[in-house]
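Heads up, the thing below is written out as structure tokens.
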There are 2 protein chains.
Amino acid sequence: MEKNEALAALSALGQETRLDVFRLLVVAGEEGLLAGQISDALDLRANTLSANLTILLNAGLVHNKREGRAIRYFSNMQGMRGLLDYLTKDCCGGAPDGCL
Amino acid sequence: MEKNEALAALSALGQETRLDVFRLLVVAGEEGLLAGQISDALDLRANTLSANLTILLNAGLVHNKREGRAIRYFSNMQGMRGLLDYLTKDCCGGAPDGCL
DNA sequence: TCTATATTTCCAGAATAATTGAATTATGGA
DNA sequence: TCCATAATTCAATTATTCTGGAAATATAGA
């Protein structure tokens, strides 16, 4: 992962609404959730949620799939993994075992 | 780690200057770096750096130690660890092995 | 004590980001 | 085709954050 991708992921998650959405999808797991279920669960207006989901999508933290007129969202654990790796890369002056 | 701490850490890192500072300190390891060395390395004004270091401090991502008139900064890998744990907690609908 | 250095604090202006109402697109069903 | 539902896009307003100049604090050394 490159710096700009990490930055996109971190700033996406560094906002309460989006962290809530992402955590909800992480806990939901493979089943994911429909956009409408997310807005119900978190009491968000559809357009606010949509804007925030777009930011999470662009950051590679979620993906989606249309189901009829609804759209199902999933957390993207690969994107998450890439972020964790970026943050700990080259850590501790070459003594990575002591890092984490 | 609680949500607000995670949020503080994520929004702290979700900004280019601070991510640069943090990464520099992560790579520097136990030796850390003086504030002046950081501002030289990243070409930042002292007051801008100071404001950003304060945000990283409050987020629990760095710590510091005075050395004469200079101040040495270190990355706080425990804070980092707490963040990673928060992000992956309860993941994947109770099938954590499949997560990461 | 006086001066220089290292860093922080305070404040204001500029730049970004978040939310919302209104309108639009996409799909499914009568 | 027409209507209802699900979600998105657009434009504007509000809120937050970032930076930088000036001043202040802390320490070291002459």
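Residue numbers start from 1 in every chain, and the chains themselves are labelled A, B, ... in the order their sequence lines are given, proteins ahead of strands.
- Rounded to whole Å, the distance from CG on A:L34 to C1' on D:dA7 is 11 Å.
- Looking at A:V62, A:N76, A:V27 one by one, the single match for side-chain contact (heavy atoms from CB on, under 4.5 Å) with A:F22 turns out to be A:V62.
- Atom CD of B:E2 has 12 or fewer neighbouring heavy atoms from other residues, nucleotides or ligands inside a 6.0 Å radius.
- Applying the 4.0 Å criterion to OP1 and OP2 of C:dA15, one finds that B:Q15 has every side-chain N and O outside that range.
- At whole-Å resolution of the value, CG in B:L44 and C1' in C:dA6 are 15 Å apart.
- Projected onto DNA chain C by closest heavy-atom contact, A:R18 and B:Q37 fall at different nucleotides, the more 5' of which corresponds to B:Q37.
- Looking at heavy-atom distances under 4.0 Å, B:A35 makes contact with sugar-phosphate atoms alone, never a base.
- A salt bridge links B:K3 to A:E16: at least one charged side-chain nitrogen sits closer than 4.0 Å to a carboxylate oxygen.
- Comment: B:K89 does not engage B:D85 in a salt bridge, judged by the lack of any side-chain N to carboxylate O separation of less than 4.0 angstrom.
- Rounded to a whole Å, the CG atom of B:L57 is 8 Å from the P atom of C:dT8.
- When the side-chain nitrogen and oxygen atoms of B:T48 are compared with OP1 and OP2 of D:dT19, none of them lie within a distance under 4.0 Å.
- B:L42 places its CG atom 12 Å from the P atom of D:dT19, with the value rounded to the nearest Å.
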Worksheet entry | Per-nucleotide protein contact string for nucleotides 21-30 of chain C (B base, S sugar-phosphate only, - none; heavy atom under 4.0 Å) | BB----BB--
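- Within the 4.0 Å cut-off from OP1 or OP2 of C:dT19, at least one side-chain nitrogen or oxygen of A:T17 is found.
- Rounded to an integer number of Å, the gap from CD1 of B:I71 to C1' of C:dT8 is 8 Å.
- Taking the ring centre of B:Y86 as origin, the terminal cationic atom of A:R23 falls inside the region bounded by 6.0 Å and 45° from the ring axis.
- The shortest non-hydrogen separation linking A:L87 to B:V26 is O-CG1, 4.2 Å.
- Residue contacts shown for B:A70 are limited to sugar-phosphate atoms, with no base heavy atom under 4.0 Å away.
- In this structure, A:D40 atom CG and D:dA6 atom C1' are separated by 12 Å, rounded to whole Å.
- With rounding to the nearest 0.5 Å, the separation of CG in A:L42 from CG in A:N52 is 10.5 Å.
- Atom CD of B:E16 is separated from atom C1' of D:dC18 by 13 Å (rounded to the nearest Å).
- An OP1 or OP2 oxygen of D:dA6 is reached within less than 4.0 angstrom by no side-chain nitrogen or oxygen of A:Y73.
- Between the CZ atom of B:R72 and the C1' atom of C:dT7 there is a distance of 15 Å, given to the nearest Å.
- OP1 or OP2 of C:dT19 sits under 4.0 Å from a side-chain N or O of A:N52.
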